[in-house]
Number of protein chains: 2
Amino acid sequence: MNEEQNIFHKYLEKHDLRDTPQRELILQIFLRREGHISAEQLYDIVKKRDPSIGQATVYRVLKLLIEAGLAREIDFGDGVIRYEHKYNHPHHDHLVCRGCGKTLEVVDSVIEELQKRVAESYGFELTDHEMYLYGYCENCRQKRQ
Amino acid sequence: MNEEQNIFHKYLEKHDLRDTPQRELILQIFLRREGHISAEQLYDIVKKRDPSIGQATVYRVLKLLIEAGLAREIDFGDGVIRYEHKYNHPHHDHLVCRGCGKTLEVVDSVIEELQKRVAESYGFELTDHEMYLYGYCENCRQKRQ
DNA sequence: ATTGTAATTGATAATCATTATCATTAGCAA
DNA sequence: TTGCTAATGATAATGATTATCAATTACAAT
């Protein structure tokens with residue numbers, strides 16, 4: 001059993017929640033997928049392995065994963081919330097191509113530090129932030145010429 | 001007639017769109033309000049002056065304002081799109097208090113420059129970005145002690 | 001002014017992701 | 001095994017936004 005599974009089980013135990021096959025299956029599938037996944041995409045995969053699972057349960061488990069610290073929400077502003085791994089996957093921002101939709105994870109420690117300073121200069125204590133950089137990737141730029 | 005109204009009328013003319021009292025009224029009210037406003041909030045104000053106006057028209061005019069370059073969307077991730085003035089209101093980011101919801105507009109030219117460089121280092125040509133800084137303002141920090 | 005035409009409007013239905021409801025099922029501690 | 005309560009699946013509800021469509025209206029040409 002890996003560390004994420006351990007965290008999940010401990011979270012369940014601590015909160016008097018039950019260990020069900022649905023939760024196990026959805027957790028497995030989420031953990032095997034890298035990158036961003038929407039609730040619907042996850043549900044589609046889950047259905048293939050167990051068609052009896054309802055999508056409400058997928059939404060419910062995703063909420064649990066967030067509370068347990070295993071997942072994190074991302075909102076690209078297209079009306080769909082996506083989820084990504086949080087465990088051993090430190091904070092980062094996203095670079096999104098307006099042409100093909102490709103996304104890259106980026107971090108710049110100088111920007112991170114400056115954000116903190118900007119917030120403090122207004123009396124704020126920064127807890128977190130979101131930064132989305134939009135543009136055109138190399139491929140899409142050539143196509144647009 | 002002020003500059004924004006001028007821009008709006010020129011936009012209408014250029015696109016063979018008609019000048020209607022509904023569009024005029026909604027424009028007026030939008031221009032008089034500073035800050036962020038949702039479609040629903042705008043509709044509530046519009047209704048008081050002309051109860052016959054439907055909310056679909058408010059949505060439609062907001063779209064026009066964006067196309068005409070007079071408004072800009074903001075998405076705080078709470079499921080409601082807000083609108084703010086764009087004319088003579090240069091780009092900025094938002095500092096949002098997780099306690100009371102207060103928002104401040106902030107800009108840091110160094111961050112802006114670094115964002116461009118980060119994007120370029122991945123071969124991207126940056127067109128725009130969003131940055132939301134979340135934390136607790138001075139007031140809310142004291143209350144939480 | 002009148003008219004013709006295409007844009008506009010308001011009312012309302014539709015959409016779509018997400019959440020709530022609720023009767024049934026099933027963990028799990030005793 | 002039993003009893004209690006959480007969990008599930010099906011489905012309805014929600015809420016912001018968008019689409020539809022018949023009736024109205026702006027506006028250019030007459």
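Just so we're on the same page: letters track the sequence lines, and every chain starts at 1.
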Establish, from distance only, whether the side-chain atoms of B:His85 and B:Glu4 form a donor-acceptor pair under 3.5 Å.
no
Give, ordered by number, those residues of residues 18-31 of chain B having at least one heavy-atom distance below 4.0 Å to an atom of DNA chain D; if nothing qualifies, reply none.
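Correct list: B:Arg18, B:Asp19, B:Pro21.
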Stretch residues 58-82 of chain B: residues that reach within less than 4.0 Å of DNA chain D through a heavy atom
B:Tyr59, B:Arg60, B:Lys63, B:Gly79, B:Val80, B:Ile81
Can you give me the bend angle of the helix from C:dA1-D:dT30 to C:dA30-D:dT1? Use the axis through the first five pairs and the one through the last five, nearest 10 degrees.
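About 20° separates the two local helix axes.
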Can you tell me how far [atom2] of [N] sits from [atom1] of [X], to the nearest Å?
X	N	atom1	atom2	answer
A:Asp50	C:dT25	CG	P	16 Å
B:Leu12	D:dC27	CG	C1'	13 Å
A:Ile37	C:dA17	CD1	C1'	16 Å
A:Gln55	C:dC16	CD	P	13 Å

Could you grab the distance from atom CG of A:Leu62 to atom CG of A:Leu70, nearest 0.5 Å is fine?
11.0 Å
Nearest-nucleotide pick for A:Leu17, side chain only, options being D:dA6, D:dT8, C:dA20
D:dA6
Among A:Lys14, A:His15, A:Glu13, A:His9, find the one that has a side-chain contact (heavy atoms from CB on, under 4.5 Å) with A:Tyr11.
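Exactly one option meets the side-chain contact (heavy atoms from CB on, under 4.5 Å) with A:Tyr11, and it is A:His15.
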Base, sugar-phosphate alone, or nothing: which one does A:Ser38 contact when heavy atoms must sit under 4.0 Å apart?
nothing
Reference residue B:His36; test ring pair (Phe, Tyr, Trp, His ring centres under 6.0 Å); the match among B:Tyr83, B:Phe30, B:Phe76:
B:Phe76
Side-chain contact test, heavy atoms from C-beta onward, threshold under 4.5 Å: evaluate it for [X] versus [Y] and give yes or no.
X	Y	value
A:Gln55	A:Lys47	no
A:Arg98	B:Thr127	yes
A:Ile81	A:Glu73	yes

Can you classify the ring geometry of A:Tyr132 versus A:Tyr134 as parallel (below 30°), tilted (30 to 60°) or perpendicular (above 60°)?
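Correct class here is parallel.
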